[in-house]
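A quick write-up on the structure given underneath.
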Amino acid sequence: MPFITSITISQGADCSQLTIVDASTYNVEATGTFTARKLTIRKSDGTYLKVGNITYNEYVWPFSAGNTILLSGTDSATNTAFIEKDYAFTIILALTSSSPQSGSIYTKTELAVLVCYIMSAFFSNSNKMALNPSLEKEYRFVKDVMRLFIEQESAKKAGIDGDIGASQSCLDRGKFVSDALKIGY
């Protein structure tokens, strides 16, 4: 049976955090047969995610560190979260085997579209309408709340289609709408 590299990417309620799990099944080839495990997280503009002193451009992820990485925290210089907005990332996990098996796949690439910040804005503003039904008469407010939902759906669809640039453009438009959204136009 060939070895197949697998990763899962998730984001919880804290939008500034990202969890990456190496979900490869190491029963076909044990972790001891690999000489390296490298993780790359590339933004749509071609730059790499930097968290603290680590730039995720073929970052050597030691097996001794476990199979889960939680990316979180704030940049002390700017006091902003490392993941301060929604991103479309290309995430690559590459394993180097000391005894490669025929038919095995040692590299996995995923396009991760993070929509946590946009959806938080959507839900908080939808909640405002639920608490104050007269907001439903504010046409521009309602339109902008719906635009948030449309932009995150469009970003996810572009991600499914493999268009990271279009996905990031949708996320950027969603952030613009979210930042400009206010009551009482």
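For Thr5 (side chain) and Ile105 (main-chain N/O), a donor-acceptor pair under 3.5 Å exists by modelled atom type. Within the 3.5 Å criterion, the main-chain N or O of Gly66 finds a donor-acceptor partner in the side chain of Trp61. For Asp22 (side chain) and Ser24 (main-chain N/O), a donor-acceptor pair under 3.5 Å exists by modelled atom type. Distance alone, capped at 3.5 Å, places no donor-acceptor pair between the Thr47 side chain and the Lys43 backbone. No donor-acceptor pair under 3.5 Å is formed between the side chain of Ser72 and the backbone N or O of Gln17. With hydrogens and angles ignored, the 3.5 Å screen pairs a side-chain donor or acceptor of Asn125 with a backbone N or O of Ala121.
Val113 has its side chain within reach of Val115: a pair of non-hydrogen atoms, C-beta onward, lies under 4.5 Å apart. When side chains are defined from C-beta on, Leu171 does not count as touching Tyr117, because their heavy atoms never get closer than 4.5 Å.
A donor-acceptor contact closer than 3.5 angstrom is absent between the side chains of Ser16 and Glu84. The closest side-chain donor-acceptor pair between Glu29 and Tyr106 falls under 3.5 angstrom. Asn132 and Ser134 form a side-chain donor-acceptor contact under 3.5 Å, judged by distance and modelled atom types alone.
Taking a cutoff of 4.0 Å between a charged side-chain nitrogen and a carboxylate oxygen, Glu110 and Lys108 qualify as a salt bridge. Electrostatic pairing of Lys175 and Asp172 does not count as a salt bridge here, judged by no charged N lying under 4.0 Å from a carboxylate O. For Asp161 and Lys157, the salt-bridge test passes: some basic side-chain N is under 4.0 Å from an acidic carboxylate O.
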